[in-house]
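To start, the structure under review is shown below, and the notes come after it.
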Amino acid sequence: MERFEAVVVGAGPAGAAAALELARSGIQTLVLERGKFAGQKNATGGILYGQTNTRYNLDYLIPDFHTRAPVERAITTYKMHAVSGDKVKTLDLEPLHDHNTKWSYAILRGKFDRWLAAEVHKECKKTGGGLLTDVRVTGPLMEDGKVVGVTTDSIDPIKADLVVAADGATSELVRQAGLRGWGTEEKWFQGVKVVVKMPEAGINERFGLRSDEGAAHLVAGDIFGKARGGGFLYTNRDSLSIGTVFHLDSVTENGRPPHELLDTMLEHRLLRKWLGGYYDEAEYSAKLIPDGKKALLTRPYSGNLVAVGDAAGQMQAAGPIIKGMNHGITAGILAAQAYIEAKKEGKPTAAGPTYAAWLKQTPMAKELKKYRSIGAKVTALQATFGAPFLPFLIKIKPVAKFVEGLMGNYNKALTAPDTRFTYVTLPTLLAKNYGTPVEDAPPLKLRSLDDRIGALKYDTDIGKAHIEMLDDSIAVNGRCVTACPVSSPDSSRGCYRIEKAGGKEFVVLDTQPCVECGTCAVVGKTRWEHPAGGKGVGYEWG
């Protein structure tokens with residue numbers, strides 16, 4: 001049985017940060033990545049931030065990454081577009097975006113993760129380790145009730161003194177170590193995204209940018225009906241990342257499939273104006289995102305295993321600001337340093353508690369704790385006193401200005417109530433009272449769900465379904481038909497569909513179009529695991 005001092009599972013930003021820090025301290029480190037290349041299994045609808053309130057950003061690991069990494073554009077413009085019908089009120093949220101921020105970039109994970117993984121492999125090779133792709137870790141290797149390594153489905157088990165679980169929101173390591181189950185729908189966001197090709201000059205002209213500038217545009221209001229959440233558009237170098245993120249429970253309650261909500265935004269005049277009749281979709285993707293306010297692991301370790309990034313629920317939403325990748329990088333560095341210090345003191349098993357203690361002192365952990373103590377009270381106050389009077393109060397201009405100021409204030413946004421308030425209620429009222437109609441624009445020829453599925457690249461593991469449906473009744477698994485980003489009641493090609501036989505309706509599963517988001521494991525009753533290494537969907541853009 002092979003042995004490495006440290007095994008890192010997952011080569012995303014959090015895992016890469018841990019591996020770089022470990023290897024540079026002389027720790028023999030092996031990184032195992034499920035995709036055929038790093039980034040193949042990832043998609044992002046977020047921005048990579050460098051924060052001023054921590055030194056553990058990407059530039060701590062790679063000081064000149066700004067000149068070498070395949071980042072898309074530095075975000076220099078940050079706007080929220082509040083929508084009510086065809087009326088739009090644009091809010092400048094740059095003070096919120098700039099709070100504690102020294103740099104920020106739009107990225108595409110397909111390019112960025114692959115570049116970062118090359119840096120990791122180069123560094124880990126120096127200590128006798130490296131990066132091994134196409135390997136799925138199936139769980140922790142246990143001896144006498146303790147984590148002593150990992151098991152895989154293609155190579156022999158590997159022993160290690162430290163196991164870093166950086167295997168994402170659907171982490172099998174975290175679940176099998178007993179740190180977190182699938183949880184309930186209100187603990188998750190679900191995001192879907194399209195990458196739309198557009199020439200660099202066209203982006204510069206349509207968004208008023210220079211080639212070294214980028215823009216983030218958020219969309220909120222009554223555009224999505226009852227669903228709680230909103231949309232985003234980020235300018236890449238020669239493409240656009242356009243997507244929507246909603247509370248998972250509101251997707252199922254709303255009864256509209258995720259791709260339809262995305263299309264609703266794409267078909268709005270605001271988006272059609274930006275796209276100007278031009279629509280060349282390169283890729284459709286989906287991702288389950290832990291709501292850090294509810295899913296953050298308060299005990300992110302079990303014996304020799306530590307969890308970082310999405311696996312530990314380290315995502316933070318401060319009003320319309322969504323941060324995750326930078327928190328994962330910070331956590332990865334801290335987890336590595338905790339092991340390095342514990343080893344120096346001759347107590348490597350103390351790495352987990354040390355990491356957890358350090359993590360509690362980070363701004364992310366303190367701010368999420370602040371939300372839990374204050375946010376719930378603000379939510380209750382808003383529900384009791386705010387909602388009934390707000391439609392009348394917002395008509396008073398100074399009140400509306402005051403509300404806009406609150407939305408752009410980081411500390412206030414941090415304790416904002418549920419996203420229904422910040423993404424639906426307030427934007428709708430502001431747009432309804434102060435917005436201006438957007439002129440009509442040429443229609444877009446959007447891809448159907450079937451065409452989107454057909455354009456994805458799969459390496460299907462024939463005969464080895466990674467999802468097993470445990471109940472085919474509409475009452476239990478019917479929600480999967482709506483919530484799955486590659487299913488729809490109107491489609492016959494998706495993962496989940498409803499069929500009729502013998503006068504009875506039941507749910508049918510086909511895992512071949514699966515994009516491995518894990519949504520059905522939360523909303524339905526399934527046995528769910530990842531496909532074998534390299535198998536399943538593979539994103540090119542991410």
Side-chain angles (χ1 to χ4, degrees), residues 7-12 15 32-36 40-43 132-142 147 149-158 163-185 187-188 190 248 285-290 295 302 305 307 309-313 456 458-472 476-477 480 483-487 494-496 507-539:
V7 169
V8 177
V9 182
L32 298 174
E33 162 59 37
R34 187 165 57 88
K36 290 181 178 175
Q40 190 198 27
K41 295 291 182 180
N42 294 321
L132 198 55
T133 59
D134 213 354
V135 176
R136 180 175 80 97
V137 169
T138 53
L141 177 66
M142 307 294 291
V147 177
V150 297
T151 59
T152 81
D153 59 6
S154 55
I155 57 178
D156 290 340
I158 300 169
V163 174
V164 180
D167 47 344
T170 53
S171 171
E172 284 165 326
L173 280 171
V174 163
R175 281 185 279 122
Q176 291 189 32
L179 296 175
R180 182 179 66 203
W182 283 107
T184 51
E185 294 173 22
K187 292 185 177 181
W188 296 93
Q190 187 199 58
L248 182 54
S285 58
K287 179 175 166 56
L288 200 60
I289 308 158
S302 175
L305 181 147
D310 272 356
L456 286 170
Y458 293 94
D459 185 357
T460 305
D461 205 1
I462 302 293
K464 294 182 180 177
H466 64 282
I467 306 172
E468 179 186 351
M469 196 164 52
L470 302 178
D471 190 324
D472 67 356
V476 175
N477 263 27
C480 294
C484 174
V486 287
S487 293
C495 273
Y496 290 88
V507 181
V508 173
L509 168 66
D510 175 4
T511 60
Q512 291 197 28
C514 177
V515 289
E516 303 165 37
C517 62
T519 295
C520 58
V522 180
V523 305
K525 190 173 183 181
T526 65
R527 180 194 59 78
W528 195 102
E529 61 182 20
H530 289 104
K535 298 294 184 181
V537 71
Y539 295 127

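A distance-only check finds no donor-acceptor pair linking the side chain of Y458 to the backbone of G538 [under 3.5 Å]. Under the 3.5 Å distance criterion, the side-chain polar atoms of W188 are matched with a main-chain donor or acceptor of W182. When atom types are taken as modelled, the side chain of R527 and the backbone of I467 share no donor-acceptor pair closer than 3.5 angstrom. Of the possible donor and acceptor atoms, none in the side chain of D471 sits under 3.5 Å from a partner among the backbone N and O of N477. Panel note: side chain E468, backbone T526; no donor-acceptor pair is recorded below 3.5 Å. Remark: the backbone N or O of P140 is not paired with any side-chain donor or acceptor of T151 at under 3.5 angstrom. A donor-acceptor pair under 3.5 Å links the side-chain atoms of S487 to the main chain of C495, judged by distance alone.
Taking both residues in full, the closest heavy atoms of G139 and L173 are given as C-CD2, 3.5 Å, listed atom of the first, atom of the second, then distance. Annotation for P513 and V486: closest pair O-CG2, 3.6 Å, computed over non-hydrogen atoms. The minimum heavy-atom distance between V147 and S302, with the atom names listed, is CG2-O, 3.9 Å.
The CH2 atom of W528 lies 6.5 Å from the CZ atom of R175; values are rounded to the nearest 0.5 Å. In this structure, the separation between OG1 on T511 and NZ on K464 is 13.0 Å, given to the nearest 0.5 Å.
One finds a salt bridge joining D459 and K535 here, because a Lys/Arg side-chain nitrogen approaches an Asp/Glu carboxylate oxygen to under 4.0 Å. Of the charged side-chain nitrogens involved, at least one lies within less than 4.0 Å of a carboxylate oxygen, so that E516 and R34 count as a salt-bridged pair.
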R136/E172 under salt bridge (Lys or Arg N to Asp or Glu O under 4.0 Å): CA gap, chis, key distance, verdict | CA-CA 10 Å; R136 180 175 80 97; E172 284 165 326; 2.9 Å; yes
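A donor and an acceptor atom, one from each side chain of T152 and T138, are nowhere located under 3.5 Å apart. Side-chain polar atoms of T519 and Q190 form a donor-acceptor pair below 3.5 angstrom.
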